[in-house]
Amino acid sequence: LMVFLVLCKKYKEIIMKVKDVAQFMLKELNKKGTLPQVGLADILKEKFGQEAIFTTTHGTITIDRKVIREFNKLKGEDVLWDKDRCCWRY
């Protein structure tokens, strides 16, 4: 039972961190009008730690899928992904 409780607590902490990261991304987007993907993973890793990013088999860091899913829930329909510029924008 104790192990279960510890795992539940850790899971809740990870979920809260994912939400914090997604909210930070949305705040940055609202401030600047765009949110470039280039360099964002580095910023998120520095600010939020390893849980915010995913390291590929080639060693490249990217934004973790859990963070992207949460960001997509928060951003609403007015925010678009601009493939050509590799950024989110209004």
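- Here the CD-CD1 distance, from Q37 to I63, works out to 5.0 Å after rounding to the nearest 0.5 Å.
- Sequence neighbours left out, the pairs with a member in residues 60-90 that pass ring pair (Phe, Tyr, Trp, His ring centres under 6.0 Å) are F71-W88, W81-W88.
- Every side chain to side chain contact (heavy atoms under 4.5 Å, CB included) that Q50 has, sequence neighbours left out, goes to K45, I53, T55.
- Between C87 and P36, the shortest heavy-atom distance links the atoms CB-CA, 3.5 Å.
- Within the structure, salt bridge (charged side-chain N to carboxylate O under 4.0 Å, His left out) contacts touching residues 53-64 (residues at least two apart or in different chains) are D64-K66.
- In this structure, N72 has no side chain to side chain donor-acceptor pair (under 3.5 Å) partners at least two apart in sequence or on a different chain.
- Within the structure, ring pair (Phe, Tyr, Trp, His ring centres under 6.0 Å) pairs that include any residue of residues 17-42 comprise F24-F48 (at least two apart or interchain).
- In plain terms, the two heavy atoms of V21 and V67 that are nearest each other are CG1-CG1, 3.4 Å.
- Residues forming a side chain to side chain donor-acceptor pair (under 3.5 Å) with K32 (at least two apart in sequence, or on another chain): E28.
- Taking T56 as the reference, F54, H58, T60, T62 meet the side chain to side chain contact (heavy atoms under 4.5 Å, CB included) condition, with sequence neighbours excluded.
- Here the CG-NZ distance, from L80 to K75, works out to 7.0 Å after rounding to the nearest 0.5 Å.
- Considering all non-hydrogen atoms of both residues, L40 and M25 come closest at CD2-CE, 4.0 Å.
- For L74, the side chain to side chain contact (heavy atoms under 4.5 Å, CB included) partners are A22, Q23, L26, E70, not counting sequence neighbours.
- Applying the side chain to side chain donor-acceptor pair (under 3.5 Å) criterion to R89, with sequence neighbours excluded, gives D82.
- Take D42 and apply the side chain to side chain donor-acceptor pair (under 3.5 Å) test, not counting sequence neighbours, and it matches no residue.
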